[in-house]
Novice: 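Below is a structure I'd like to ask you about.
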There are 2 protein chains.
Amino acid sequence: MTTSKRIRIQDIAERVGVSTMTVSRVLNQDSKVSDAKRALVMKAVKELNYRPNVAARRLASNKSFFIGLLYFDDLDTSYLSKFLLRGLKICRSTGHHLVVEEIDDDINKALASVKELIEVTQVDGLILLPPICNNEKLLTTLQQANVSFVRIAPDTQLNLSPYICMDDYQASFEMTEMLIKQGHSKIGHIIGNPNQGVSRLRYQGFLDALRSNKINVPPEYIEQGLFTVDSGVEAAKKMLSLDDRPTAIFAANDAMAAGVLSAANMARISVPDELSIAGFDDGHLAVSVSPNLTTVRQPIQQMAELAIDIIASGKFSDLAKANAREFRNVLDFEIVERESTNTLK
Amino acid sequence: MTTSKRIRIQDIAERVGVSTMTVSRVLNQDSKVSDAKRALVMKAVKELNYRPNVAARRLASNKSFFIGLLYFDDLDTSYLSKFLLRGLKICRSTGHHLVVEEIDDDINKALASVKELIEVTQVDGLILLPPICNNEKLLTTLQQANVSFVRIAPDTQLNLSPYICMDDYQASFEMTEMLIKQGHSKIGHIIGNPNQGVSRLRYQGFLDALRSNKINVPPEYIEQGLFTVDSGVEAAKKMLSLDDRPTAIFAANDAMAAGVLSAANMARISVPDELSIAGFDDGHLAVSVSPNLTTVRQPIQQMAELAIDIIASGKFSDLAKANAREFRNVLDFEIVERESTNTLK
DNA sequence: AAACTTTATGATATCGCTAACAGTGTTTGT
DNA sequence: ACAAACACTGTTAGCGATATCATAAAGTTT
């Protein structure tokens, strides 16, 4: 093995002929370095392929370089793992580390473990995935503990912290319009779990798209689901047994859409010929059922990147800043047309 | 915030009345400490709720406390995320960190990035998930680089390194016997991706179970798949259109089993009444389709724990030891009966 | 032009831990 | 009985970075 001694900040300093502090300043974006020296240092850094020693940096700076990621068991595995994998990658490049913690059902246990996490690892910041990013007790605790946090797709108290989300309402609106353009006018909707705000947004987008196209929705075309496959099956069974059943069903997530598909199969209704189905999320599931689901792609990876960047860059430290416009990030979505929807014949 | 100063090794030393080295020795399982002092130190450690400062430890000891996890894109997300989540948890308790790296299709790029990973992060060891744990070039490179690694479910060169796996052959055998006990004798099998060794093992277990029960398998009941949903659909279509079609199909993983389910639905064959379906893996998918899949549960979490423990404990450093029996771990599986299989009527 | 800022740099002291060596006693070997 | 081996404990010196303070040079004010 080529035991090529690891390059230290000192090696660079010697090569360039400055002190280690100057190098450190350059590396930490500290502005008080002359352009000439900064350039020299940067050049040497590249030439020697210098990588900071995270441990030393952490020890000296008394920052932890840890980022906590809190999620709730409930969350779709594919959502989580996408977020996680991208997050881990980004972290590596910034020298941070992800500390992932599952949040307990029991809020008191959860609070205790989060407090423990904060004390023990001294995280620089936390990322809260939905739906726990809306838990009031948790949010209060974090504020009291004076920890920075970024929330993903929150639906309450939007100026409590920086957040990242996509426009669920608009996505739902556009998906519905797409179905309408395909000739559907009898469109059903399965609402998501009512204790997640996105369910309401998606429902509203659906309704408004129909209204703006002057299409009426009979109440039987709306069912309440729970974001689970089973709830999708149940809802679809009811809708599909109607005398005048819908020609398209838009479920508020992929799991329920998969449920609709199962129900359709059981009822011997062919998809997409007799029934179009649309989902929301574009997780693994969307391409694991056949026909593959038409769905809305959430920009999860991008969310992960942004979330980590916000914390890693230390851009916000005091809460005043945290409310600044730049920390309200609404990302673009994408409608992915696959095989489960089709023009109405 | 209670800014309770973090406890240092020195605080303990002072309280007990020994030097910091003695405390350090106790904490690092170094044997040369008298039982009396060891007990005192341990007591203080508990009372003060001491947690070592990982950064300092890393800096001083020149170990990285990093563990690399290499995976190939191909891998089922749910497999990966289960492994990852448990791995991250275990790591936290040992003070290690996971550095996760996706391996490129192009083996040369992959080797380059692995080398980079090793140099940059100075990992204490690597964990190789299937199928890349069988890649010869990669293995050779790692050996040359003199890095410790543990392989998960490898199927070649078994005494090259410690490994962890389950008995795929036996699991497949038992699953098949279960179907036979349910009264099935016309059982089809969809073989997994031929370039993963487990496919062969599962196929063999299937064949041997039938043979030991004196049941004949017509060649039309065996199809080659690729571990993908689509390949499952294709294989099932063929099998289900036979004049004398099987009453049960055992697919070598859940994705293909989900494919079989889709095909059955398309062909209006009811599951499990007219067709029983069994899968393998027990990932997220198994409970996302309906009916839920009967399948084999892989002890993924346990694999993760063990893998990390082996590396974290530094139990093996030279390759001689690495071949010892204790590093060949075959874990138990579990057959999970759900709704997709039923007694033949 | 004296007095005061501001800006760019360096010297030095840590951060919390462990490696390496240097003692103590205490046991063992011959 | 005296050297050699062993078991236990402490001392000292870093690991590689940053914080903090000090200093020199340049720019501003009055």
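Order of the sequence lines sets the chain letters (A, B, ...), proteins ahead of strands, with each chain counted from 1.
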Novice: Go through residues 46-64 of chain A and report each residue with a non-hydrogen atom lying under 4.0 Å from DNA chain C, sorted by number.
Specialist: A:L59, A:A60

Novice: Kindly state which residues belonging to residues 33-44 of chain B come within less than 4.0 angstrom of DNA chain D, counting heavy atoms of the residue only, listed by number.
Specialist: B:V33, B:S34, B:K37

Novice: Could you state the CD1-P distance from B:I7 to C:dC15, rounded to the nearest angstrom?
Specialist: 15 Å

Novice: Suppose we screen for salt bridge (Lys or Arg N to Asp or Glu O under 4.0 Å). Which residues come up paired with B:R38, at least two apart in sequence or across chains?
Specialist: none

Novice: Give the rounded distance in Å between these two atoms: NZ of B:K32 and C1' of C:dA19.
Specialist: 14 Å

Novice: Which pairs count as ring-ring contact (aromatic ring centres under 6.0 Å, His included) when at least one residue sits in residues 91-138 of chain B, sequence neighbours excluded?
Specialist: A:F66-B:H97, A:H97-B:H97, B:F65-B:H96

Novice: Charged N to carboxylate O under 4.0 angstrom, B:R86 versus A:E102?
Specialist: no

Novice: Distance from A:K115 atom NZ to A:L142 atom CG, nearest 0.5 Å?
Specialist: 10.5 Å

Novice: Return the angle between end axes of the helix from C:dA1-D:dT30 to C:dT30-D:dA1, with five pairs used per end and rounding to 10°.
Specialist: 30°

Novice: Considering all heavy atoms of both residues, which atom of B:R57 and which atom of B:N28 are nearest to each other, and what is their separation?
Specialist: NH2-OD1, 4.2 Å

Novice: Measure CG/B:N28 against P/D:dT9 and give the value in whole Å, please.
Specialist: 16 Å

Novice: Quick one: ring-ring contact (aromatic ring centres under 6.0 Å, His included) pairs with a partner in residues 118-144 of chain A, sequence neighbours left out?
Specialist: none

Novice: What residues, two or more places apart in sequence or in another chain, satisfy salt bridge (Lys or Arg N to Asp or Glu O under 4.0 Å) together with A:R8?
Specialist: A:D11

Novice: Please give, in whole Å, the distance from D:dG16 P to A:I12 CD1?
Specialist: 13 Å

Novice: Roughly how many Å is it from CD in B:Q10 to P in C:dT14, rounded to a whole number?
Specialist: 12 Å

Novice: Identify, with sequence neighbours excluded, every residue that meets ring-ring contact (aromatic ring centres under 6.0 Å, His included) alongside A:Y79.
Specialist: none

Novice: Does A:E47 have any salt bridge (Lys or Arg N to Asp or Glu O under 4.0 Å) partners at least two apart in sequence or in another chain, and if so, which?
Specialist: A:R15, A:K43

Novice: Once salt bridge (Lys or Arg N to Asp or Glu O under 4.0 Å) is applied, do any residues pair with B:D104, and if so which ones, sequence neighbours excluded?
Specialist: none

Novice: Using a heavy-atom distance cut-off of less than 4.0 Å, which residues of residues 18-27 of chain B contact DNA chain D?
Specialist: B:V18, B:S19, B:M21, B:T22, B:R25

Novice: Around atom CD of B:Q157, are there more than 12 heavy atoms of other residues, nucleotides or ligands at under 6.0 Å?
Specialist: yes

Novice: Sequence neighbours left out, what passes ring-ring contact (aromatic ring centres under 6.0 Å, His included) with A:Y50? Give chain and number order.
Specialist: none

Novice: To the nearest Å, give me how far apart CD (B:E14) and C1' (D:dG10) are.
Specialist: 15 Å

Novice: For A:Q10 and A:E14, which I'm curious about, is there any donor-acceptor pair between the side chains at under 3.5 Å?
Specialist: yes

